[in-house]
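First listed ligand is number 1; within each ligand, the first listed atom is number 1.
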Amino acid sequence: MAFTLPDLPYDYDALDRSIDARTMEIHHTKHHNTYVTKLNDAISGSDQEGADLESMFSQVSTLSVAVRNNGGGHYNHSLFWKMLSPNGGGQPSGDVAEAINAAFGSFDAFREAFTTEALGRFGSGWAWLISTPDGLQITSTPNQDNPLMDVAPTQGTPVLGLDVWEHAYYLRYQNRRPDYVEAFWDVVNWDEVNRLLSAAG
Ligand code: MN
């Protein structure tokens, strides 16, 4: 069963107050679609054909660079689309709010720390909020790596992720990653973050 490109749960222009429609369309139909195609090519006829992404990530250091890059690209973007919503923004409630306060002291302190991580990631990569046995932690990864991979220095289950590749923001924000990260907070789907945290156990 080959991997397929998921539909977005909203229209391309739905997040326009933060991310423009053209960026969303290219990001989904070109970038994400290419990761899916190349992932399927990479696993076709190999031991990984039919495996799920999580099991690939747990042993990704033993697999090809193509599986690592394109498997990560497919997983990360599938997660990212669901973490954005035209009805998003504001502050979290429920378990996420409690877990953030426990780990970082306050929502504002968390937001500042996550933003610092996203701006500090040199080049292309992702900033993450992850669930770990020790509670929530902030980390980042290069390229299309993620914290489920055995190569990640800080491992855990992603509950929030931010794509800081230039392809995610360049049309509107050019080199201004800080402006993109600021705009991201206005479309974060905290309901989805709560769902992921609950599923992470
Ligand atoms: Mn991307």
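Between Leu79 and Tyr75, some side-chain heavy-atom pair lies under the 4.5 Å cut-off. With a 4.5 Å cut-off on side-chain heavy atoms, Thr154 and Trp128 do not count as touching.
The pair Glu182-Arg111 counts as a salt bridge, with a side-chain nitrogen and a carboxylate oxygen less than 4.0 angstrom apart.
For His31 and His77, the ring centers are positioned 6.0 Å apart or more.
Distances from the Mn ion (ligand 1) show that His32 has no N/O/S atom below 2.8 Å.
At the Mn ion (ligand 1), the vertex angle linking NE2 of His27 with NE2 of His167 is 90° (nearest 10 degrees). For Asp163 atom OD2 and His77 atom NE2, the angle they make at the Mn ion (ligand 1) is roughly 100°, to 10 degrees.
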